Amino acid sequence: MLHRTIHLFRKELRLHDNPVLLAALQSSEALYPVYILDRAFLTSSMHIGALRWHFLLQSLEDLHKNLGQLGSCLLVIQGEYESILRDHIQKWNITQVTLDAEMEPFYKEMEANIQRLGTELGFEVLSLVSHSLYDTQRILDLNGGSPPLTYKRFLHILSLLGDPEVPVRNLTAEDFQRCRAPDPGLAECYRVPLPVDLKISPENLSPWRGGETEGLQRLEQHLTDEGWVASFTKPKTIPNSLLPSTTGLSPYFSMGCLSVRTFFYRLSNIYAQAKHHSLPPVSLQGQLLWREFFYTVASATPNFTQMVGNPICLQICWYRDAERLHKWKMAQTGFPWIDAIMTQLRQEGWIHHLARHAVACFLTRGDLWISWEEGMKVFEELLLDADYSINAGNWMWLSASAFFHQYTRIFCPVRFGKRTDPQGNYIRKYLPILKNFPSKYIYEPWTASEEEQKQAGCIIGQDYPFPMVNHKEASDHNLQLMKQVREEQHRTAQLTRDDADDPMEVNVKRDHSEENISKGKVARTTE
DNA sequence: GGCTTGGTTGTAAAT
DNA sequence: TATTTACAACCAAGC
């Protein structure tokens, strides 16, 4: 008995290594490849900005084209996903919905809703994991139900699990010929919208073009240099090179235009041929495992993208300063290195990993003492590779809220960039106003004399802002704050431990729900 | 439990 | 000017 299936693309916008699409084709007599463009859902759950909209639409267009070559097409239906499903299940006589399994709470909720709809309307639902190397649940199980909180421990668990799932074979025209494709009239009716249709600003200077085709091309291009691949060492890559010094594949993994499993095994093959190769955490495979690490922790940590209610996150009273936050976001801090990075982020939607460190440290524990959640939201909007788990995880890392705790290590917004680009070519590219500044001042232009500023064609305080803080003072101050936070944390932990020595106290503590307190069952403790 | 070890990518002084 | 060394000192994990 063959199904009439809607295959719902969500993140896996590709035809290579797409196990659930393959399963859909093998179990169906008719297949409708559908992308539901639910703007309310996408905007509220992922806060996607203009560059990402462009990237998404390009990826959908590419998917449509590639499906066309195999005798099918992509139907992009706009509207609220549940009512769209309801309508079309009946209209098309659907008996099965297939979709990629995702781990974000909003995608999980969507899947649960679709399951419920299936029970109600009588269709089957099939979902398979293919966005991560492993099914993260297996990693959690092996670690006793809780996520490993260090990379080392994580690698240890993986060594028990063995290699990740191998990619499934590529889809062919024959796979699609076995199923009836949607009527050509439908494809016309549900074509991929243009940015202008969605009222998204048409200018797009980003050098990144969305889609599986472009992603695979970039992947092949990088893999041809086997020596580079085998010796890749992340900390040695350059954050302020004018072209990316890393692979730049992250936007394609983020949207599922590329399969991490495909990349993982291509790397394994190259490593097998090479005499020597680098290892995690710094190797290319190590980068994929970092992604996997944050996926694993996020999947098992409540409120992972916020501080409050997040059990692994240090609770800090960050400053609320809308004006400084805005200046940081708009590349107006007065630190050329920081502003150049934020400009590249705004213009292109991608910045190097270490550049992310520099601006994240600056916003949080380094200089401004503003919550990592604010920075995370800005990255979510502007980064093409923005990803629920990785974004939140790294922001906690950089703000020393979780994973990383050596808070005395603060990136200097002046010196950090100098190491790899003493001439300041990166700054000159992204802050053209400073183009002619002498190199000795380019990282801290306010130290140049008035005469030199005039010669360089830029007056500090007029054409380019004064630095918004004194880095030395700010970072010293924040160091003290962080110390206090940790001492306080220590003290409360100590208190809880002392209390726990008395079994009676433990019982009382467990019973401290608001309800019991209000009923007078439990004495209020002095706090 | 207490103690040791090590951590993707610092800073500043001393050589 | 480059490279080495001391610094301060956190936490998770493992014995």
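The chains referred to below are lettered A, B, ... by the order of the sequence lines, with proteins before strands, and numbering in each begins at 1. Keep in mind that the numbers below use all heavy atoms, side chains included, and drop hydrogens, waters and symmetry copies. Being a predicted model, the structure only gives us computed values, none of them experimental.
Checked against salt bridge (charged side-chain N to carboxylate O under 4.0 Å, His left out), A:Asp476 has the following partners two or more places apart in sequence or in another chain: A:Lys472. Listed by chain and residue number, A:Glu452 satisfy the side chain to side chain donor-acceptor pair (under 3.5 Å) test with A:Tyr441 (two or more places apart in sequence, or in another chain). For the salt bridge (charged side-chain N to carboxylate O under 4.0 Å, His left out) test, no residue two or more places apart in sequence or in another chain qualifies with A:Glu451.
Rounded to a whole Å, the NZ atom of A:Lys472 is 17 Å from the P atom of B:dG10. Here B:dT9 presents its P atom at 11 Å from CZ of A:Phe416, a figure rounded to the nearest Å. Distance CZ (A:Arg415) to C1' (B:dT9): 16 Å, rounded to an integer number of Å. Look at CG on A:Asn240: it is 18 Å from P on B:dT9, rounded to the nearest Å. Here B:dG10 presents its C1' atom at 16 Å from NZ of A:Lys418, a figure rounded to the nearest Å. The distance from atom CZ of A:Phe411 to atom P of B:dG10 is 6 Å, rounded to the nearest whole Å. Distance, A:His357 NE2 to B:dT8 C1': 8 Å, rounded to whole Å.
A donor atom on one side chain and an acceptor atom on the other are found under 3.5 Å apart for A:Asn143 and A:Arg153. In the model, A:Gln423 has a side-chain atom that pairs as donor or acceptor with a side-chain atom of A:Ser439 under 3.5 Å. Looking only at atom types and distance, the side chain of A:Tyr407 has no donor-acceptor partner in the side chain of A:Asn478 under 3.5 Å away.
Atom C1' of C:dA8 sits at a distance of 16 Å from the matching atom of B:dG6, rounded to the whole Å. Atom name C1', nucleotides B:dG1 and C:dG14: the rounded distance is 13 Å, in whole Å. Rounded to a whole angstrom, the distance from the C1' atom of C:dA6 to that of B:dT8 is 22 Å.
Side-chain rings of A:Phe403 and A:Phe293 approach one another, their centers coming within less than 6.0 Å. The aromatic ring centres of A:Phe335 and A:Phe362 sit less than 6.0 Å apart.
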Inset, instruction - Report the C-alpha separation of A:Trp290 and A:Trp397 in whole Å, then their side-chain angles, then the decisive distance to 0.1 Å, and conclude whether the ring-ring contact (aromatic ring centres under 6.0 Å, His included) test is met. - result: CA-CA 12 Å; A:Trp290 275 109; A:Trp397 185 295; 5.4 Å; yes
Inset, instruction - I would like to know whether A:Tyr252 and A:Phe263 meet ring-ring contact (aromatic ring centres under 6.0 Å, His included); could you show each step before the answer? - result: CA-CA 11 Å; A:Tyr252 302 93; A:Phe263 190 47; over 10 Å; no
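Stem regions annotated for DNA chain C: B:2-7 with C:10-15, B:10-15 with C:2-7, counting only runs of 3 or more consecutive pairs of Watson-Crick or G-U type with both contacts under 3.5 Å.
Sorted by first and then second residue, the side chain to side chain donor-acceptor pair (under 3.5 Å) pairs involving residues 296-308 of chain A (not counting sequence neighbours) form an empty list.
Annotation: side chain of A:Phe154 is not in contact with side chain of A:Thr150 (no heavy-atom distance under 4.5 Å).
A salt bridge does not link A:Lys108 to A:Glu111: none of the charged side-chain nitrogens sits closer than 4.0 Å to a carboxylate oxygen. Ionic pairing of A:Lys11 and A:Glu102 is present here: one or more N-O contacts between side-chain nitrogen and carboxylate oxygen are shorter than 4.0 angstrom.
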Please table the atom pairs, donor to acceptor, closer than 3.5 Å between any side-chain atom in residues 269-277 of chain A and protein atoms at least two apart or in another chain.
residue, atom, partner, partner atom, Å
A:Asn269, ND2, A:Tyr265, O, 3.4
A:Tyr271, OH, A:Gln285, N, 3.3

Only pairs under 3.5 Å count here: list side-chain donor-acceptor contacts from residues 376-383 of chain A, not counting sequence neighbours, and write none if there are none.
residue, atom, partner, partner atom, Å
A:Glu380, OE1, A:His47, ND1, 3.2
A:Glu380, OE2, A:His47, ND1, 3.4
A:Glu381, OE1, A:Lys329, NZ, 3.3

Can you give me the N/O atom pairs linking the protein to nucleotides 6-10 of chain C at distances under 3.5 Å, or say none if there are none?
residue, atom, partner, partner atom, Å
C:dA9, OP1, A:Lys483, NZ, 2.7

Could you list the protein-to-nucleotides 1-5 of chain C atom pairs, N/O on both sides, closer than 3.5 Å?
none

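For the side chain to side chain contact (heavy atoms under 4.5 Å, CB included) test with A:Arg266, the passing option among A:His222, A:Arg261, A:Glu220 is A:Glu220; the others fail. Partner of A:Leu398 under the side chain to side chain contact (heavy atoms under 4.5 Å, CB included) criterion, chosen from A:Phe411, A:Phe404, A:Trp372: A:Phe411.
Residues of residues 281-306 of chain A that place a heavy atom closer than 4.0 Å to DNA chain B, in numerical order, are A:Pro281, A:Trp290. Within residues 138-160 of chain A, the residues approaching DNA chain C are A:Pro148, A:Leu149, A:Thr150, A:Arg153, by heavy-atom distance under 4.0 Å. A heavy-atom distance below 4.0 Å to DNA chain B is reached by these residues of residues 386-403 of chain A, ordered by number: A:Trp397.
Taking CZ of A:Arg365 as the reference point, atom OG of A:Ser475 lies at 10.5 Å (rounded to 0.5 Å).
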